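This one's a predicted model, so the numbers in the text were calculated from it and none came from an experiment. In the text below, chain A, chain B and the rest are named by the order of the sequence lines, each starting its count at 1.
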Amino acid sequence: MEELRDHLRHRREKLQKLKELGINPYPYKFEKTHDSREILSNFEALEGSKQRVKVAGRMVSCRPHGKTIFAHLQDGHGKIQIYLRKDDLGEEKFKLFELTDLGDFLGVTGEVFKTKAGEVTVMVSDWQFLTKSLQPLPEKWHGLADKELRYRKRYLDLIANDEVREVFIRRNRIISTIRSFLDSRGFLEVETPILQPLYGGAFAEPFETHHNALDMKLYLRIADELYLKRLLVGGYERVYEFCKDFRNEGLDRFHNPEFSMVELYQAYADYNDIMELLEGMLVKVAEEVLGTTSFQYREHQVDLSPPFKRMPFFDAIEQATGIKAKNLSLEELKRAAEEAGVDTEQKKTWGKMLETIFDSLVQPTLIRPTFIIDYPVELSPLAKRNRQDESVSERFELFIATLEIGNAFSELNDPLEQRARLEQQRELSGTDEALDEDFIQALEVGMPPCGGLGFGVDRLVMLFTNSRSIRDVIFFPTMRPESRS
RNA sequence: GAGGGUGUAGCUCAGUCGGCAGAGCAUCUGCCUUUUAAGCAGGAGGUCGGAGGUUCGAUCCCUCCCACCCUCACCA
């Protein structure tokens, strides 16, 4: 038998004693009448009524005073103090409390009162074990601070840090607001394959897997764009999907290998309509979740009042850098970029160069919500050419407080041009992946004109929860496995 | 992939210009019938991330390795 540290051994011993006493430390259920929040908000009524409440939760603090005990139970909505007295409980039930530990789930019955110090408290007339905890809790005052532990053992993070629980509740409200916003506008929520025989809809390294029965390679999707477009071909006019996408790239505070996106497609609309849709959606989310459209994200004050600023890609570059990039050759562009202090090593194409200039010199300046519109065609193989200027595409990206929030096009639906653009893209990126012929064929069947949008849910949650890292808004971020070093 | 930082008790952190390893919380024992970071008294708890090296002596200095964080690179 392995040696257990004292704090683990003591809990095991208490568990053993409970079993010897014929007490089940892991009973099946407990009929709660109230949660902590209900008791606090209904205190006036409960205090007068002499009604007995039954509450349950994890014991997170305990202050014994000889023949009385104060403790706090934490449940799904907060904490409630409980008060036990030997006189009320009797010798046996009071002594049994010695077998509790911080972290145990307890169920208590009692009347509600207010202590001398003014805290609403349950005067316990009976209590029972609901679950015995065999591990110690993080420190009560400082919580759990070690980031690695917080990410690896999120359950401890959630127990110890109230604000973390709040972040994920807010994440849920953001998602449900988006869903109801789109539903109310006639969008149909759909599901498309995560396992795809060909990957597409974005440029990124995919994760590969293998299907045994079919003996075939499959990819985890990097985007669901090409499947949603097939659904427009099929006749649905407005579709969206909350999709987990997977990209086999580096990790940093804006990127996790698996992440959440929403993609949506609206028939008979163009990117201007999508801009208005996105403005409306963000305002709605802000009002639902924050109660205001003006808020702080890190060092930036954000105001989501529409309409957001719109600025053409090349104008944005010129305004931020003075570079008139549109008519420059690759060489001229490279020289201008280097003069501006941009590392242009490894940037082999005109488009890549532009992108680098934009990312390093323009994006950091985009504080107020701004649609950057009309990207170079080379960077946007799935977007229609601009109706006034063939050299740029009808595409926008939305930036808020320097965060890249969303990406949208007037979707290219000319099958011949689409094939040509994808083939050109393959040459530029040097990949030998097969074209998705079925997608092209779907376009040949005919996809109505449409506007499409993709936005990162995690980034949006970061924005609305003032989170620095994507790992703070994903319960279980991807981590290297713990190894015994 | 490059540079910087961090790693000490279950948790939060000190510390040793190289000489017996520290505090608070948690835990254990005793006292305490309205406390709330409860209090008082006492105790236990350590491979100082791992492996080498230098040294009379290494948690501390050096090398390598591991994990995480930050910045950059990569990433429509």
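Nearest-nucleotide mapping onto RNA chain B: of A/Arg63 and A/Arg253, the residue sitting toward the 5' end is A/Arg63. Each of A/Glu404 and A/Gly143 was assigned the nucleotide of RNA chain B with the nearest heavy atom; the assignment lying further toward the 5' end belongs to A/Gly143.
In the set B/U33, B/U27, B/C75, the nucleotide with an atom closest to the side chain of A/Glu249 is B/C75. Nearest to the side-chain atoms of A/His10 among the listed nucleotides B/U34, B/C68, B/U27 stands B/U27.
For A/Glu139 against B/G24, a side-chain N or O and a base N or O form a donor-acceptor pair under 3.5 Å. With hydrogens and angles ignored, no donor-acceptor pair under 3.5 angstrom links the side chain of A/Thr68 to the base of B/U34. For A/His142 against B/C11, no side-chain N or O and base N or O form a donor-acceptor pair under 3.5 Å.
For A/Glu92, the CD atom sits in a loose shell: 12 or fewer heavy atoms of surrounding residues, nucleotides or ligands are nearer than 6.0 Å.
Under the 30°/60° scheme for interplanar angles, the aromatic rings of A/Phe207 and A/Phe246 are found to stand perpendicular.
Checking the phosphate oxygens (OP1, OP2) of B/A44, no side-chain nitrogen or oxygen of A/Arg9 falls inside 4.0 Å. Taking only side-chain nitrogens and oxygens, A/Lys14 comes nearer than 4.0 Å to OP1 or OP2 of B/C28.
Using a 4.0 Å heavy-atom criterion, one finds that A/Arg150 contacts no nucleic acid atom at all.
No side-chain donor-acceptor contact under 3.5 Å links A/Glu241 to the backbone of A/Cys243.
Looking at heavy atoms from C-beta onward, A/Glu411 lies out of side-chain contact with A/Arg395 at the 4.5 angstrom threshold.
Note on A/Lys114 versus A/Glu47: no salt bridge recorded, every NZ/NE/NH1/NH2 to OD/OE distance being 4.0 Å or above.
Paired runs in RNA chain B that reach 3 or more consecutive Watson-Crick or G-U pairs, where each pair keeps both distances under 3.5 Å, cover B:1-7 with B:66-72, B:10-13 with B:22-25, B:27-31 with B:39-43, B:49-53 with B:61-65.
Near RNA chain B, meaning a heavy atom under 4.0 Å away, the residues from residues 116-127 of chain A are A/Lys116, A/Ala117, A/Glu119.
Taking the salt bridge (Lys or Arg N to Asp or Glu O under 4.0 Å) definition, one finds that A/Glu98 meets it with A/Lys95, sequence neighbours left out.
The aromatic ring of A/Phe203 does not stack onto the base of B/A76, failing the criterion of a centre distance under 5.5 Å from the six-membered base ring together with planes under 30° apart.
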